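Remember, it's a predicted structure, so these values are computed and weren't measured experimentally. Convention: sequence-line order gives letters A, B, ...; per-chain numbering from 1.
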Amino acid sequence: MLGKRTLTGRIGFALAILLLVSFSLLPFAQILSTSLKHQYDWGNPSLIPQTINLDAYKELLGLTEAKKVEIPAAIQKILNNPKLPKDKKEAIAAKYTSNENLFPFGKYMLNSVIFSVGAATFSLIFSVMGAYSISRLRFKGQVVIQRSVLFVYMVGGVLLMVPLYQMAMNIGLASSLWGSAFCLFLIYIVQTLPVGMYMLGNYFRGIPFALEEAAMMDGCSRKEAIIKVVLPLSLPMLATVFIYCFIIGWNEYLFASVFLKQYPEFHTLPLALQELFVSKNAIWDRIMAASMLTLAPIVICFLFASRFMKGGKTDGGVKG
Amino acid sequence: MTPLERAEAKFGWKLVAPTILILGLLILYPLMYNVYLSFFDVQLNGYKTFVGLENYIKLLTNTDYYSAIGTTSLYLLGTVVGTTLLGLAMALLLKDPFKGRGLVNAAIMLPYVAPVISVVFGWQFLFDPISGVVNYLFVDVLGIWSERTNLIGNPDSALWVVVLFDIWKHAPIAYLLILSKLVSVSRDQYEAAAIDGYGPIGRFFHVTLPELYFVLATVVLLRLIWNLNRFEDVYLLAPNVQTLPIFTYYQAFTGVIDQGLAAATSVIQLAVLSVFIWFYIKKIMKW
Amino acid sequence: MAAITLKNIIKSYDKTQVVKGIDLAIEDGEFVVLVGPSGCGKSTTLRMIAGLEQPTSGDIIIGDRVVNDIEPQNRNIAMVFQNYALYPHKSVKENIVFALRRLKVDNDEIERRLSEISEMLQLEELLDRKPADLSGGQRQRVAMGRAIIREADVFLFDEPLSNLDSKLRSHMRTEIGKIHNKFGRTSVYVTHDQVEAMTLADKVVVLHDGYIAQYGTPMEIYLNPTNIFVAQFIGSPSMNIIEGTLFNDYLDIDGHHLPREKLSNVAYQETISDSGLKVKVGIRPDFFNDKAFFSETDLTFNFNNVVIDLIEPMGFDKEVLFNLAGGSVKARLDLRSDITLGVKIDLLVDLSRVLIFDPETEQRL
Ligand SMILES: Nc1ncnc2c1ncn2[C@@H]1O[C@H](COP(=O)(O)OP(=O)(O)O)[C@@H](O)[C@H]1O
Ligand SMILES: [Mg+2]
């Protein structure tokens with residue numbers, strides 16, 4: 001296309017690739033660079049730190065001694081005000097105790113892992129069942145379900161935030177810590193289930209039906225055929241779907257902010273990072289280090305999954 | 001229906017039951033409940049009073065709403081055009097195998113898989129008026145701007161930063177879709193066109209582009225569908241850019257809370273979205 | 001061990017019937033071949049026996065059970081699929097013993113059967129490979145092994161050889177015949193290849209458009225087809241169908257008068273008006289002979305002075321075309337026949353092999 005055989009063609013091609021890769025990677029390089037710089041170095045446009053500063057990472061990973069903080073006197077006064085509802089008080093207290101220098105990154109990461117791994121697991125189980133059903137079993141209503149799943153898949157979270165919040169409020173879940181966490185967990189399952197079903201459904205359709213028939217001829221029931229033949233054959237796709245669902249949960253901010261903002265205990269990484277950023281403790285190196293650490297699991301998953309992602313991911317409308 | 005067919009159907013229903021239950025309860029029902037809520041004045045604590053069409057009237061007389069629609073339109077226009085063109089360029093550039101293509105592929109996919117939260121601060125830093133490299137480049141090196149500016153601080157310029165961010169993050173998806181079609185265009189067609197005397201540019205317009213119309217339409221439609229609802233990418237990078245989702249979020253959860261109004265916004269937005277989705281299902285999925 | 005009976009089986013997909021009422025009785029231990037052109041409903045019929053499809057109406061009986069409501073896994077049936085359907089994630093050995101492992105057959109017995117079968121099918125060297133690393137013929141043998149190790153009541157085959165090249169195909173055909181002789185299980189074999197049908201079958205079912213066109217031994221089907229469809233479908237080259245007129249004393253073909261009383265395969269008895277009865281006459285190319293090498297008897301008829309239009313030497317014999325009653329007729333002649341284009345020769349026909357059909361219904365008369 002670009003006449004790669006000529007020298008200018010080749011140079012042009014190489015330049016274009018270089019430009020593209022730089023454009024893609026520059027923000028990552030910037031994050032990594034700033035996370036390793038000392039404060040005096042921030043204004044320096046060079047990406048290479050003058051000296052490497054690992055303090056931010058050490059602090060986030062709990063390798064330095066964290067000091068216990070007191071709630072400032074002024075805030076304590078507000079908290080002593082008897083008119084203030086109890087949960088508000090707790091929220092304020094929590095905000096101040098958690099934000100003062102102390103950023104329990106490990107805890108947030110654990111929260112994120114619990115929410116996203118948990119939701120991805122359930123989502124994977126349900127989507128295997130659902131996808132198998134709509135792609136392989138014959139029953140009336142199948143087509144309607146299939147289309148509904150696609151429709152639902154494309155309805156974004158913003159359209160649901162008000163009614164979901166109100167529903168949670170109506171049944172009293174949104175006003176308790178565990179209730180909110182439970183809601184969020186369910187929502188993550190809902191957000192990932194259609195994607196999982198969509199990807200797996202397409203994949204199952206590609207497995208020759210004769211294999212299952214052969215299993216049935218070999219004496220397997222439908223269930224056994226699924227477990228002993230279909231699932232082992234789908235392992236790469238199952239891993240991909242799991243990772244994909246995991247990434248969605250890991251990245252989610254909107255609902256976490258709606259349901260968990262007042263419960264710092266349960267903040268997930270996106271929420272915690274955003275809170276950190278708007279707090280007075282916004283120190284670039286710390287934020288960048290936290291960004292790097294949030295990014296790391298995803299990059300690892302991605303490198304692992306990219307081997308499998310060639311087929312299933314490109315067809316149709318993968319979320320994004 | 002024979003007993004075996006009935007058993008199969010029963011098994012089928014059993015397997016989808018959890019999915020139907022979950023999706024029905026937490027998506028379809030909320031969508032309808034949302035319509036119901038849009039006729040009420042809704043408090044954050046769940047207290048409601050019926051107000052009829054008042055929310056809609058309020059909405060349609062609210063200039064902020066129209067400016068949100070304007071912002072959203074610009075956002076959609078910029079991101080759809082940008083993503084599609086960049087995706088197309090990437091696909092054309094990377095179509096043929098070369099040494100290191102795997103690495104290049106991984107590098108350009110990275111923005112797509114990275115969590116928004118973990119990259120927005122990097123972007124904020126790039127555009128930071130004091131330390132950011134963008135200001136350094138345009139003010140100190142190129143001298144195009146006379147003074148350092150806070151691009152993200154000003155909603156008008158922030159919109160274009162947000163657009164650029166979305167293009168950066170989602171061009172890889174467009175690239176994948178376009179590439180998968182591009183590699184399936186048979187060589188014969190190019191050779192035939194070459195024999196007919198078309199150069200590279202002629203071949204692009206006479207062979208490549210016609211083959212790509214469909215997938216380009218797919219990309220455009222999908223970008224519209226996903227970006228109409230885009231929240232995190234905008235809110236976290238530049239909370240002052242009020243596209244419709246952010247407008248709705250502010251109505252629902254911050255300042256003077258008016259969840260009924262937010263519900264009304266969502267209803268209208270869902271109607272528009274449904275048209276896009278219907279189009280997608282009808283024309284692209286061909287159902 | 002089991003006999004199979006199909007009673008008025010009908011299968012519709014949505015509104016279209018693809019199997020239109022099949023009655024069939026297969027005896028215990030018999031090897032029955034379902035043959036017919038593509039799309040005539042062979043696979044559908046076989047899959048209904050297997051339980052992979054459900055008949056819209058009618059009963060399927062295997063052994064002494066009506067199996068309509070019995071799931072495929074509980075019918076004790078083994079099947080060889082057209083594309084083999086080997087489990088790609090299992091080794092050859094695991095593929096073969098999968099069913100036995102499920103049944104918790106003890107290990108010694110599994111090993112015994114495995115070694116017997118892998119020897120019989122020459123699979124010993126391949127046991128640890130994955131299906132992806134096998135050639136087509138090897139995969140086919142694994143599929144056979146997986147089916148026979150079960151020692152099921154019934155074996156089903158859906159075009160098991162259609163993906164092999166012709167040499168391998170004829171080799172495996174022989175193997176399948178041997179296996180059947182050894183185990184003697186009731187077998188139903190689907191193919192569109194009439195050679196497989198003729199060589200393997202105890203009985204052949206010719207299917208046509210969802211109906212059974214004829215059911216009988218290969219010889220019956222070959223010599224006494226009951227309709228033009230079967231007559232032309234079975235046998236290669238296929239049977240000549242020639243316009244003719246039947247009179248009370250003779251059969252007129254283009255002026256040749258074949259004596260009625262010698263046509264021993266024509267059962268038509270009713271008296272015919274003087275203008276005669278329009279019929280279609282069926283004569284297989286094999287039943288023509290060159291007069292130069294065969295003597296005329298009172299059971300033969302001599303088509304004298306036919307003009308040869310085309311000669312196709314086939315090796316052992318040669319096929320020639322000539323014109324008769326406005327149509328082209330093929331004859332298969334001895335290699336020795338020394339004929340050239342345009343030459344006139346005398347052809348003898350075996351009168352007992354001449355068949356006549358109703359031109360409307362295409363049924364035998
Ligand atoms: N699942 C199905 N749905 C609709 N029609 C089918 C299905 N399976 C087979 N058919 C139709 O039934 C007819 C018979 O098919 P089949 O039994 O496979 O023929 P064959 O004799 O070639 O094996 C064909 O016309 C085919 O199109
Ligand atoms: Mg078939």
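Both the backbone and the side chain of B:F125 come within less than 4.5 Å of a heavy atom of chain A. Residue contact with chain A, scored on non-hydrogen atoms closer than 4.5 Å, involves the backbone and the side chain of B:I108 alike. B:K10 does not touch chain A: none of its heavy atoms, backbone or side chain, sits under 4.5 Å away. If you measure heavy-atom distances from B:V119 to chain A, the contacts under 4.5 Å come from both the backbone and the side chain. Within the 4.5 angstrom heavy-atom criterion, only side-chain atoms of A:I298, from C-beta onward, approach chain B. Using a 4.5 Å cut-off between heavy atoms, A:L47 makes no contact with chain B at all. With a threshold of 4.5 angstrom between heavy atoms, A:L254 approaches chain B through its backbone and through its side chain. When heavy atoms are compared at a cutoff of 4.5 Å, B:Q259 approaches chain A by way of both its backbone and its side chain. Neither the backbone nor the side chain of B:L221 comes within less than 4.5 Å of any heavy atom in chain A. Of the atoms belonging to A:M129, heavy atoms from both backbone and side chain fall under 4.5 Å from chain B. Interface residue B:L37: only side-chain heavy atoms are found under 4.5 Å from chain A. Contacts of B:I27 with chain A are made by both backbone and side-chain atoms, with heavy-atom separations under 4.5 Å. Only the side chain of A:M288 comes within contact range of chain B, judged by heavy atoms closer than 4.5 Å. Proximity to chain A (any heavy atom under 4.5 Å) is shown, for B:D140, by neither the backbone nor the side chain. Only the side chain of B:Y29 has a heavy atom closer than 4.5 Å to any heavy atom of chain A. There is no contact between B:L179 and chain A, counting heavy-atom distances below 4.5 Å. When heavy atoms are compared at a cutoff of 4.5 Å, B:Q43 approaches chain A solely by way of its backbone atoms N, CA, C and O. When heavy atoms are compared at a cutoff of 4.5 Å, B:L44 approaches chain A by way of both its backbone and its side chain. Neither the backbone nor the side chain of B:L244 has a heavy atom closer than 4.5 Å to any heavy atom of chain A. For a residue to count as touching a neighbouring chain, one of its non-hydrogen atoms must lie under 4.5 Å from one of that chain's; by this rule A:L19 does not touch chain B.
Top candidate by heavy-atom pairs under 4.5 Å with chain B, chosen from A:N170, A:L269, A:L159, is A:L159. Between chain B and the residues A:K223, A:M167, A:E252, A:M197, the largest count of heavy-atom pairs under 4.5 Å involves A:M167. Options B:Y33, B:W168, B:Y136 differ in how many heavy-atom pairs under 4.5 Å they form with chain A, and the most are formed by B:W168. Most heavy-atom pairs under 4.5 Å with chain A, from the set B:A262, B:A263, B:A106: that is B:A106. Taking chain A as the reference chain and counting heavy-atom pairs below 4.5 Å, the highest number among B:F276, B:W123, B:F121, B:Y249 is found for B:F121. Ranked by heavy-atom pairs shorter than 4.5 Å toward chain B, the options A:R136, A:R222, A:K261, A:M292 are led by A:R222. When each of A:S257, A:G157, A:G130, A:A131 is checked for heavy-atom pairs under 4.5 Å with chain B, A:G130 comes out on top. Comparing A:L271, A:I187, A:V299, A:V258 by how many heavy-atom pairs each has under 4.5 Å with chain B, the most go to A:V258. Your options are B:A107, B:G12, B:G122, and the one with the most heavy-atom pairs under 4.5 Å with chain A is B:G12. Note on A:T294, A:I125, A:L193: by heavy-atom pairs under 4.5 Å with chain B, the leading option is A:L193.
Taking the six-membered ring for Trp and the full ring otherwise, the centers of B:F11 and A:F139 sit at least 6.0 Å from each other.
With hydrogens and angles left out, the side-chain atoms of A:T34 and A:Q30 include a donor and acceptor closer than 3.5 Å.
Using cut-offs of 30° and 60° on the angle between ring planes, the pair B:W226 and A:Y153 is perpendicular. Ring-plane geometry between A:Y165 and A:F259 is classed as tilted, the angle between the planes lying from 30 to 60 degrees on a 0 to 90 degree scale. Between A:F185 and A:F122, the ring planes are perpendicular. Angles over 60° get that label, and only those under 30° would be called parallel. By the 30° and 60° cut-offs, the orientation of the rings of A:H267 relative to A:Y108 is tilted.
Nearest heavy-atom pair, A:I189 versus A:S123, reported as atom, atom and distance to 0.1 Å: O-OG, 3.7 Å. Closest approach of B:D233 and B:H170 over heavy atoms only: OD2-CE1, 3.5 Å.
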Test side-chain hydrogen bond (donor to acceptor under 3.5 Å, both in side chains) applied to A:T268 and A:Y253, step by step: CA-CA 8 Å; A:T268 56; A:Y253 172 83; over 6 Å; no
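Annotation: A:I171, atom CD1; neighbour count of heavy atoms from other residues, nucleotides and ligands within 6.0 Å is above 12. Counting non-hydrogen atoms of neighbouring residues, nucleotides and ligands closer than 6.0 angstrom, the OH atom of A:Y40 exceeds 12 such neighbours. Annotation for B:F40: atom CZ counts as buried by contact number, over 12 foreign heavy atoms lying within 6.0 Å.
Under the side-chain contact (heavy atoms from CB on, under 4.5 Å) criterion, B:T2 pairs with B:L4, B:E5, C:Q54, sequence neighbours left out. Applying the ring-ring contact (aromatic ring centres under 6.0 Å, His included) rule to B:F138 yields the partners B:W145; only residues at least two apart in sequence or on another chain are considered.
The structure places CZ of A:F28 at 7.0 Å from CG of A:L25, a figure rounded to the nearest 0.5 Å.
We find that B:R230 and B:D166 are joined by a salt bridge, their nearest charged nitrogen and carboxylate oxygen being less than 4.0 Å apart.
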